There are 2 protein chains.
Amino acid sequence: MTAEKKAATPGAEDASPDKDWPRDSLKKYASSIDVARVAGVSQSQVSRTFSGSSKVSESTRKKVLEAAERLDYRPSLIPRIMLTHKSNLVAIVVGGLYNPFYSAVLEEFMIRFQAAGHQVLLVHVPNDHALDDVIPKLASYRVDAIVSALAILSPAGAATLAKLKIPVIAFNTAVNNRWVTSVSSENFQAGQTIADLFIARGARSFGFISGPWTSPASARRREGYEERLRETGAGPPTIARGDYRYEGGFAAALGMFGGSSRPDALFCANDLLAIGAIDALRERLGLRVPDDVLVAGFDDIPAASWASVDLTTFTHDAAAMVDETLSIVLSAENGKPLATKPVVVSARLIERGTTSKDLRS
Amino acid sequence: MTAEKKAATPGAEDASPDKDWPRDSLKKYASSIDVARVAGVSQSQVSRTFSGSSKVSESTRKKVLEAAERLDYRPSLIPRIMLTHKSNLVAIVVGGLYNPFYSAVLEEFMIRFQAAGHQVLLVHVPNDHALDDVIPKLASYRVDAIVSALAILSPAGAATLAKLKIPVIAFNTAVNNRWVTSVSSENFQAGQTIADLFIARGARSFGFISGPWTSPASARRREGYEERLRETGAGPPTIARGDYRYEGGFAAALGMFGGSSRPDALFCANDLLAIGAIDALRERLGLRVPDDVLVAGFDDIPAASWASVDLTTFTHDAAAMVDETLSIVLSAENGKPLATKPVVVSARLIERGTTSKDLRS
DNA sequence: TTGTATGCGTTATCAG
DNA sequence: CTGATAACGCATACAA
């Protein structure tokens, strides 16, 4: 049966003209074969005209372009994926965009990847565990690489990813192996730096509001902070757990400063927590920042520089993060294994109003 | 030549066993043929096992699954796209994620689309004009639909889209035709509502800080505001142009309130502008909000509910927006033309502190 | 139930 | 420079 169609092809150029297109309703796009037929050339020439790889005479080129225009032809990239085993698709996995920092990084990535000729497949996973549900989908779309902006990436999740043999770049994760490269900011150093700053401003008692316990980034910032406090002979900080959100910072600060003894310097694992904490101090507890309490955050989200907030914080070197990631992805495309060392990009202190007071004065 | 390979297939199951896989370095994934060979069944059976559409005997099913496991087989979706002319890919076009409202909507979309079995291709375009560069790419990836969160969509851009015969859902655009459906909030009514509220609070002179002139959403909000002010006999509002960003609101407010005559009620086209304006009033001009000036915004971004901001604003019915969009996309997939009427979802007033004062008291 | 053959829309190879 | 043809990996109609 099907052989019949085939058999008819040899002389088909001039066969049933009405059979040209409105055949099946499924077909939405003209194919190179359709174009070829209309232009009166071979399909190869159409392909060559659009890929530009090979030479085509000006006359055929013109005929092809005309026919293509008439049929609204858009070459499909799908078959190419099959042939080359490269989709030019990069998946970005995010767990939530409520933190403006992630939005900003995501945007940066989109721009850069597009510029490099990649398309971005955006994937949302509510939590680390759900990763297993999404991964097969990504593999099925043959993404070239996966960038995980997930705050946390469990060893189990990492294992799932590793099985796919797809290069993975993960932010702020402890995992790092043949298929997973970790990219983080200088979290530990930032913690140290803030401790130094607080001490220089005359602070005597210290507080820290963390992200989720599972967040390596939060843990590292805290470690640096605690270590430096210990080194300088200051007492250990009071710790409260937040969740990286405004509300978490607000509630944690209420708890930490509601009692009798209160810290006079507070480091928060991110800006959202810090802003929540500041609001709790000012609006609910009647404390002044920085006159009574020094506060610092991390991320340098847009709100941190608002006049009413003016928060001391750290900027990630977003450009470097993206650069590194991009180069990892690109080199991985040549089949090379990933760099085996975690990548660390700088975090720069931005001093603003919330630490501008010398507590001894 | 190639025919030889083909000819060899019949008895190939037991042929050169080393030829099994590490053939070409390009190939990263096992194919259904590889699995079939290892399992000792036909490729069809592998396909059937994974698609689940047809019946497969328990014994073969088991053999197939085992082989697949051993080879880390992940069925590719790419060929299916070719067969069905459906990619299950939906493109979301964004112009910038600096506005938390967009991030939130984007996240909502991702979640819903994924739940509906679609993947999201995220595309960034710096401006309306650049849309033309990106569209062909999207067509080449055979996306099923395009959701444009671009604040503006020019008629030219719309025309480009229409040629592709890809369903487009655009937010807050004036365009609406066979291929482009517009989805917006009740911008006009919101403008009226705010005017009413200001008047009820005893305001006498009014101000408005707009988004970019090209933004239809901003224009509609202003129109409703102005119309109601006119109806009630109040003077026309002082207008300043912002750009939907904090800095724009800050600068615009400085200009509008820096002179001798100043409005005592200010409506801003979005929350970011409003927050910028408030900061300018409080931190730079020494004015009190709401005691001296009432302020309202639009979007209900997270920061609007921060204790230090406490901004009166409007929430979009994000869930409805996504619902509508999703149903449009899904129905369009059956080849039906798009709904010809623009979709309007409700905007609900959220009264907060920045309008809590009665100016006459 | 299972196997065979064919097509989807490209690119690459190989003859002309 | 041009045309035929073989893949790529899967789904499906058809035959067995």
Side-chain angles (χ1 to χ4, degrees), chain A residues 1-7 9-10 13 23-24 26-37 39-61 63-64 71 73-87 139-142, chain B residues 1-7 9-10 12-13 23-24 26-37 39-61 63-64 68 71 73-87 139-142:
Chain A
M1 300 286 151
T2 35
E4 287 186 354
K5 283 184 193 168
K6 202 69 180 177
T9 346
E13 344 163 288
R23 198 58 181 169
D24 47 338
L26 279 182
K27 188 165 178 174
K28 289 180 193 162
Y29 293 88
S31 73
S32 58
I33 298 185
D34 298 323
V35 175
R37 194 181 316 145
V41 300
S42 76
Q43 180 270 335
S44 308
Q45 293 299 72
V46 178
S47 171
R48 288 193 260 254
T49 302
F50 280 91
S51 71
S53 58
S54 203
K55 298 248 160 281
V56 183
S57 79
E58 197 50 42
S59 67
T60 43
R61 179 185 168 72
K63 281 190 288 187
V64 167
L71 297 183
Y73 170 66
R74 316 276 163 178
S76 171
L77 283 177
I78 309 300
R80 185 217 293 275
I81 300 178
M82 290 178 51
L83 273 335
T84 63
H85 300 280
K86 269 207 51 186
S87 61
S140 291
Y141 274 100
R142 298 299 191 250
Chain B
M1 303 278 151
T2 36
E4 286 187 356
K5 283 184 194 169
K6 203 70 177 175
T9 345
E13 346 163 286
R23 199 58 181 168
D24 45 340
L26 278 182
K27 187 165 179 173
K28 289 180 191 163
Y29 292 89
S31 73
S32 57
I33 297 186
D34 298 322
V35 175
R37 194 181 316 146
V41 300
S42 75
Q43 178 268 331
S44 313
Q45 293 299 73
V46 178
S47 170
R48 290 194 260 255
T49 301
F50 280 90
S51 70
S53 58
S54 204
K55 299 246 159 283
V56 183
S57 79
E58 196 49 42
S59 66
T60 42
R61 178 186 169 72
K63 281 189 289 187
V64 168
L71 298 183
Y73 171 65
R74 317 275 165 176
S76 171
L77 282 176
I78 308 299
R80 184 215 291 276
I81 300 178
M82 290 178 53
L83 274 332
T84 64
H85 300 280
K86 269 207 51 186
S87 62
S140 290
Y141 273 99
R142 298 298 191 250

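Predicted, not measured: the structure shown is a model, and the values here were computed from it. Residue numbers begin at 1 in each chain, while the letters A, B, ... track the order of the sequences.
Rounded to an integer number of Å, the gap from Arg37(A) CZ to dG9(C) P is 11 Å. In this entry the distance linking NZ of Lys55(B) with C1' of dG3(C) reads 19 Å, nearest Å. Per the geometry, OH belonging to Tyr29(B) stands 15 Å off C1' belonging to dC8(D), to the nearest Å. Following rounding to the nearest Å, Met82(A) (CE) and dC8(C) (C1') show an atom-to-atom distance of 8 Å. With rounding to whole Å, Lys86(B) atom NZ is found 17 Å from dC8(C) atom C1'. Ile33(B) places its CD1 atom 7 Å from the P atom of dC8(D), with the value rounded to the nearest Å. dG3(D) atom C1' lies 13 Å from atom NZ of Lys63(A), rounded to whole Å. The distance from atom CD of Glu58(A) to atom P of dT2(D) is 10 Å, rounded to the nearest whole Å.
Among the nucleotides dG3(C), dG9(D), dC1(D), the one closest to any side-chain atom of Ser42(B) is dG3(C). Closest approach to the Leu83(A) side chain among dT2(D), dT11(C), dG3(D) is made by dT11(C) (side chain taken as heavy atoms from C-beta onward). Across dT10(C), dT2(D), dC10(D), the shortest atom-to-atom separation from the side chain of Pro79(A) is found for dT10(C). Of the candidates dT1(C), dT5(D), dG9(C), the closest approach to any side-chain atom of Ser44(A) belongs to dT5(D). In this structure, of dT4(C), dC10(D), dG9(C), it is dG9(C) that holds the atom nearest to the side chain of His85(B). Closest approach to the Val56(B) side chain among dC10(D), dA11(D), dT2(C) is made by dT2(C) (side chain taken as heavy atoms from C-beta onward).
With contacts defined as side-chain heavy-atom distances shorter than 4.5 Å, the pair Val64(A)/Val41(A) qualifies. Between Arg142(A) and Arg74(B), the closest side-chain pair of non-hydrogen atoms falls below 4.5 Å.
Scanning atom types as modelled, one donor and one acceptor separated by under 3.5 angstrom connect the side chain of Gln43(B) and the base of dA11(D). Side-chain N/O atoms of Arg48(A) and base N/O atoms of dG3(D) include a donor-acceptor pair closer than 3.5 Å.
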Check the pair Arg80(A), Leu83(A) against side-chain contact (heavy atoms from CB on, under 4.5 Å), reporting the backbone distance first and the verdict last.
-> CA-CA 5 Å; Arg80(A) 185 217 293 275; Leu83(A) 273 335; 5.6 Å; no
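Arg142(B) has a side-chain polar atom (N or O) that falls below the 4.0 Å cut-off from OP1 or OP2 of dT10(C). OP1 or OP2 of dC10(D) has at least one side-chain nitrogen or oxygen of Ser32(B) nearer than 4.0 Å. The side chain of Thr60(B) places no N or O atom within less than 4.0 Å of a non-bridging phosphate oxygen (OP1 or OP2) of dT1(C). When the side-chain nitrogen and oxygen atoms of Ser47(B) are compared with OP1 and OP2 of dC10(D), none of them lie within a distance under 4.0 Å.
When each of Ser76(A) and Gln45(B) is assigned the nucleotide of DNA chain C with its nearest heavy atom, Gln45(B) is the one assigned upstream, toward the 5' end. Between Ser54(B) and Tyr73(A), the residue anchored closer to the 5' end of DNA chain C is Ser54(B), taking for each the nucleotide with the nearest heavy atom.
Atom CD of Gln45(B) and atom NZ of Lys63(B) lie 9.5 Å apart (nearest 0.5 Å). To the nearest 0.5 Å, atoms OH (Tyr141(B)) and OG (Ser76(A)) are separated by 10.0 Å. Distance CZ/Arg48(B) to OG/Ser32(B): 11.5 Å, rounded to 0.5 Å.
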